[in-house]
Protein chains: 2
Amino acid sequence: MVGNTRKKTDLNPNNSVDCVIFGFDFEQIKVLLIDRGQNLGNSKNLRALPGNLIYEEEDLDEAAYRVLEELTGIKDIYLEQVGAFGNPNRVNKESDREWLKSIRDEPNARVITAAYYSLVKIDDFVPKAHSFAKKAEWIPLTEIEELAFDHFEILQVAKEKLKQKIKIQPIGFNLLPEKFTLSQLHKLYECIFEKPLDKRNFRRKIQKLNILTNLKEKQRGVPHKPSQLYKFNEENYQLLTQNGYDNFGF
Amino acid sequence: MVGNTRKKTDLNPNNSVDCVIFGFDFEQIKVLLIDRGQNLGNSKNLRALPGNLIYEEEDLDEAAYRVLEELTGIKDIYLEQVGAFGNPNRVNKESDREWLKSIRDEPNARVITAAYYSLVKIDDFVPKAHSFAKKAEWIPLTEIEELAFDHFEILQVAKEKLKQKIKIQPIGFNLLPEKFTLSQLHKLYECIFEKPLDKRNFRRKIQKLNILTNLKEKQRGVPHKPSQLYKFNEENYQLLTQNGYDNFGF
DNA sequence: TTTGAAAGTGTCTAAAAGACAATTTGACAT
DNA sequence: ATGTCAAATTGTCTTTTAGACACTTTCAAA
């Protein structure tokens, strides 16, 4: 392969991106997985992370944004690299090999993947027709036990990175709609940290940070005391962090 | 390329590892860089991170350990992945292209690199003859302004990851000899965080963590009050963290 | 009007962080 | 022997943050 002859639309058969797309439905964290719709005798039809080969003339981040848009129709999304995964035996399940044969020109090529995680507002998700994904589904994190390739391992690392990142940057807002309640935010943090957080202490700290704008608007139609709605205050967040503040943990 | 015919010793021409090797000489943080010894008319002879192509049948972590041992002679070192770097224009300096021509079979191949950082005890460093590195030198972080390829960018990201990681895991001991003084540890943290830390508060916190063993042994031959020597207490560290404790920041 | 369900709120205590300066000790020079 | 230099060592007070803990409010629906 000679660099000068590469075209934008040439596939790089040796490098891919895989995306761990997190969503939140106010109850639990979910991950968008694809169903490859394989009919296999007795072996399981394992779900997979959305991902694909990159193009020759494409940066890794670009490729991740592209794959995300192709799959979800969402642009300008929060995206963070998890890392590179290159175990030579990443593809060691018979079902994975079968599947690659059906969709790849070079199904036996060694592929090193750059994994990303992204946080999306679940309601913005617009399922798109996707070449090789028979279905795309939101699966609760707690129900995921096995995935294709090394995707389960990638998911574990992505979860860990998310947990760490959210302690130093309030990225959780990317999982909530523009307007949200403190209870929803509270629940979100409990789901990410996988442990209960005291309601009053949580509210005290998040409000003290002064990065929420109270919209003076209430929830409607709920069969109990309606909640105040808030939105994330980007400007105050900038002010807060410009002197190095980075304690957003609970 | 067909997977089944890959051999352990085949080079993968499209994927490399690059290593940011941090050291500490009790004064400042240094990085091990190679000098490619190029004679170039007017353009600078830029230094580079040590790195190389990986083998076809080699995991990325393995490759990083191998490259480190080949270069420094050190095994069983602290190693952490920084991430994948795959800008299609990573190689955009004429001097880098020239150099690749001289050492690679496929000098124009697009290479995606997995970057790692490692922390080494500077005195354990045993310079090794290294195929294409004319010299390997410890350069102070503060003096590094430009590097080959995208290595300067990689270095910045590695520094950032190190700063974050050391707040949740006391990996700094990997940069110090077995026996060290509290002042040396204090200076190390100041260098990593690039800001002064109050001596008394630093000592109070690190001692309270109870992960240091006082060796009841003093520095010798210093023209001032000799300091107590300590070593890292692995067992106490395990005890401390097994309940999720992760606040090692200052 | 009653009931159910979640929202909203305050205080006390304990632990941690941050600011701050004087004394001690050994090596070396005189 | 004495003095000097340079770095090590040590403690207190104040402020901030974390953690534990329970009752009242508000709306919708029965």
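It should be emphasised that the depicted structure is a prediction, and the values quoted were computed from it without experimental measurement. In the text below, chain A, chain B and the rest are named by the order of the sequence lines, each starting its count at 1.
A donor-acceptor contact under 3.5 Å is formed by the side chain of B:R204 with the base of C:dA17. If you check distances only, the side chain of B:N201 does reach the base of C:dA19 with a donor-acceptor pair under 3.5 Å. Put simply, the side chain of B:N247 and the base of C:dA16 share no donor and acceptor less than 3.5 Å apart.
Note on B:S227: every side-chain N or O is 4.0 Å or more away from OP1 and OP2 of D:dA7. Remark: B:K225 is not in phosphate contact with C:dA27, judged by side-chain N or O atoms under 4.0 Å from OP1 or OP2.
If you measure from atom CG of A:L229 to atom C1' of C:dA7, you get 12 Å, rounded to the nearest angstrom. In this structure, A:Q207 atom CD and C:dG8 atom C1' are separated by 10 Å, rounded to whole Å.
Looking at heavy-atom distances under 4.0 Å, B:Q228 makes contact with sugar-phosphate atoms alone, never a base. The residue A:K218 sits close only to the backbone: its heavy atoms come under 4.0 Å of sugar-phosphate atoms, none of a base. Contacts of B:K205 with the nucleic acid, taken as non-hydrogen atoms under 4.0 Å apart, involve only primed sugar atoms and P, OP1 or OP2.
The side-chain tip of A:K30 does not point at the ring of A:F24 from less than 6.0 angstrom away and within 45° of straight on.
When the nearest nucleotides of DNA chain C are assigned to A:P226 and B:G249 by heavy-atom distance, the more 5′-ward of the two goes with A:P226.
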Check the pair B:K161 / B:E80 against salt bridge (Lys or Arg N to Asp or Glu O under 4.0 Å), numbers first and verdict last.
CA-CA 9 Å; B:K161 300 255 173 186; B:E80 193 81 30; over 6 Å; no
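Salt bridge annotation for A:K195-A:E190: absent, with no cationic side-chain nitrogen under 4.0 angstrom from a carboxylate oxygen. Salt-bridge formation is not detected for the pair A:E70/A:K128: no Lys NZ or Arg NE/NH1/NH2 atom is positioned less than 4.0 Å from an Asp or Glu carboxylate oxygen.
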